[in-house]
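Chain letters run A, B, ... following the sequence lines, proteins first, then strands; residues in each count from 1.
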Amino acid sequence: MGKSEEVVLLNYWPSPYGMRAMIALAEKGVQYEYVSVDVVNNKTQLLLQMNPVHKKVPVLIHNGSPVCESLVIVQYIDELWAGDAKPVFLPSDPYQRAQARFWAHYIDEIFEFGRKIWIKTGEEVEKGKKELVDSLKLMESQLGDKPYFGGEELGYVDIALVPYYSWFYTYEQFGNISIEAECPKLVDWAKRCMKKESVNKALPDPVKVHDFVVMLRKKFGVDS
Amino acid sequence: MAEVVLLDFWGSPFGMRARIALAEKGVKYEYKEEHLLTGKKTPLLLETNPVHKKIPVLIHNGKPISESLVIVQYIEDAWSDTAPLLPADPYGRSQARFWADFVDKKIYDQGKKIWANKAGEVQEAGKKELIESLKLLEGELGEKPFFGGETIGYVDVALVPFYTWFYSFETIGNFSIQAECPKLIEWVKRCLERESVSKSLVDPEKVYVDLILVLKKMYGYE
């Protein structure tokens with residue numbers, strides 16, 4: 001893949017889905033143009049054209065052709081930019097691949113549980129807290145004693161999950177919980193990932209994410 | 001236990017996906033029925049899919065795989081020497097994965113708005129949304145005989161099982177999917193010409209009488 005290629009990523013900085021794509025591109029050493037789209041206030045023509053079905057970020061545009069849905073994007077990046085001693089996200093063994101895909105799919109539910117904490121009120125918030133903590137504990141048990149879900153190196157499940165680390169502070173503030181107290185090994189894992197440039201450049205400051213959510217709540221009329 | 005076991009439920013479109021993929025690859029397997037309508041889940045299901053406790057579950061040499069599209073991709077990877085369901089090029093693969101994911105995000109939930117509700121706002125919304133989704137899929141199919149091109153592929157496997165629930169949607173929702181999406185129905189008929197599909201799909205009227213109407217009663221969706 002040495003020829004000149006045009007790689008563009010449409011994204012919005014708070015999106016954990018976008019962070020997955022950024023980490024994957026950085027891990028593979030792919031040069032790309034980052035185009036910010038404020039999906040809350042102004043979905044651009046380019047976004048609507050490149051993702052007419054869902055109208056969401058991230059969108060990877062490779063030589064003009066769009067790829068949508070963060071996990072589809074990560075798999076595309078993994079398959080296309082392969083060889084030359086580049087990292088591999090999905091294992092080659094079919095059973096291990098299936099396990100990685102299963103957990104990545106499960107992880108998408110975690111964002112929905114967390115969302116209840118900051119966008120809902122009353123009982124729904126309590127439900128969200130329990131679901132979030134239970135699911136993070138389940139992921140923690142899956143990690144076991146490995147440094148990463150991928151084993152010795154960052155893999156597909158790490159890339160799928162670590163972006164939520166930037167949202168933990170938000171969940172903790174709105175939910176009045178401590179994720180570190182509930183899942184210390186998972187937080188250790190997240191900090192280990194954050195030592196990697198690909199991850200810490202992709203994840204925004206958790207306080208900025210919190211302020212963004214405060215703004216969203218106002219916008220959606222949720223009482224503080 | 002047999003080398004390949006599929007825990008399934010006769011009327012599940014998700015289970016049908018696994019059945020079609022196994023048949024396409026010529027894999028012999030033991031089919032085990034989970035009698036979901038009894039409300040009881042077997043110890044084997046709870047043990048092999050403790051996270052979701054849902055079928056289908058594929059058990060290969062004792063190792064379980066859950067989530068229907070994860071299962072289909074596993075079947076593709078484990079029996080890679082025959083009948084590929086995904087194209088070889090990464091871009092083609094990304095498009096197939098996108099559309100299979102689209103089917104997962106939309107069809108079941110939109111269909112449920114129709115069958116699990118009385119005539120009214122929610123049901124109308126479900127009908128509108130379902131037709132929109134099916135038309136988008138019809139557009140993606142274009143002039144190709146199958147989503148996979150000349151032969152069935154990942155998206156065909158992901159979508160065609162929902163055909164068995166169309167009769168239920170149409171009867172309860174009082175509308176015609178054929179009238180709205182004739183090309184899609186033609187595609188279904190083409191798929192049904194393949195033994196892997198015709199042997200995996202169940203009779204739509206049986207789904208209506210023995211599954212959907214039973215579920216409606218069970219959950220009080222009247």
>> How about NZ on A:Lys43, more than 12 heavy atoms from neighbouring residues, nucleotides or ligands closer than 6.0 Å, or not?
In response: yes
> Do the rings of B:Tyr91 and A:Tyr76 sit parallel, tilted or perpendicular, given the 30° and 60° boundaries?
Replying inline: perpendicular
> Roughly how far apart are A:His54 NE2 and B:Lys105 NZ, rounded to 0.5 Å?
Replying inline: 5.5 Å
> Can you name the nearest heavy-atom pair linking B:Arg97 to A:Val72, along with the distance?
Replying inline: CB-CG2, 3.9 Å
> Does the side chain of B:Glu67 reach to within under 4.5 Å of the side chain of A:Arg101, using non-hydrogen atoms?
Replying inline: no
> Passes side chain to side chain contact (heavy atoms under 4.5 Å, CB included), A:Trp103 versus B:Val51? Steps please.
Replying inline: CA-CA 10 Å; A:Trp103 288 110; B:Val51 175; 3.7 Å; yes
>> I want to check something: taking the side chain as every heavy atom from C-beta on, are A:Val53 and B:Phe102 in contact at a cut-off of under 4.5 Å?
In response: yes
> Considering only heavy atoms, which portion of A:Gln96 lies under 4.5 Å from any heavy atom of chain B: side chain, backbone, both, or neither?
Replying inline: neither
>> Within the supplied structure, the quantity of interest is the number of heavy atoms (other residues, nucleotides, ligands) at a distance under 6.0 Å from B:Lys54 NZ; does it exceed 12?
In response: no
> Does a sphere of radius 6.0 Å around NZ in A:Lys130 hold more than 12 heavy atoms from other residues, nucleotides or ligands, not counting ones at 6.0 Å or beyond?
Replying inline: no
>> Nearest 0.5 Å, please: how far is CG in B:Asp101 from NE2 in A:His105?
In response: 7.5 Å
>> Counting only non-hydrogen atoms closer than 4.5 Å, does B:Glu76 touch chain A with its backbone (N, CA, C, O), its side chain (CB onward), both, or neither?
In response: neither
> Going from CD1 on B:Ile71 to CZ on A:Phe102, what distance comes out if it is rounded to the nearest 0.5 angstrom?
Replying inline: 10.0 Å
> Checking heavy atoms, do the side chain of B:His60, its backbone, both or neither come under 4.5 Å from chain A?
Replying inline: neither
> Would you find more than 12 non-hydrogen atoms of other residues, nucleotides or ligands less than 6.0 Å from A:Lys201 atom NZ?
Replying inline: no
>> Heavy-atom cut-off 4.5 Å, strictly under: side chain, backbone, both or neither for A:Leu138 against chain B?
In response: side chain
> At what distance, to the nearest 0.5 angstrom, does CG of A:Leu71 lie from OG of B:Ser94?
Replying inline: 13.0 Å
>> Working note: B:Lys63 + A:Gln99, criterion side chain to side chain contact (heavy atoms under 4.5 Å, CB included); need CA distance, chi angles, decisive distance, verdict.
In response: CA-CA 10 Å; B:Lys63 298 200 286 192; A:Gln99 295 313 295; over 6 Å; no
> Got a sec: does the NZ of B:Lys25 have more than 12 other heavy atoms crowding it under 6.0 Å?
Replying inline: yes
> Is any side-chain heavy atom of A:Tyr95 less than 4.5 Å from a side-chain heavy atom of B:Pro64?
Replying inline: yes
> Using non-hydrogen atoms only, which part of A:Pro52 is less than 4.5 Å away from chain B: side chain, backbone, both, or neither?
Replying inline: neither
>> Under 4.5 Å from any heavy atom of chain A, what part of B:Trp99 do you find: side chain, backbone, both or neither?
In response: side chain
>> Taking atom NZ as the centre, does B:Lys127 end up with more than 12 heavy-atom neighbours from other residues, nucleotides or ligands that are less than 6.0 angstrom away?
In response: yes
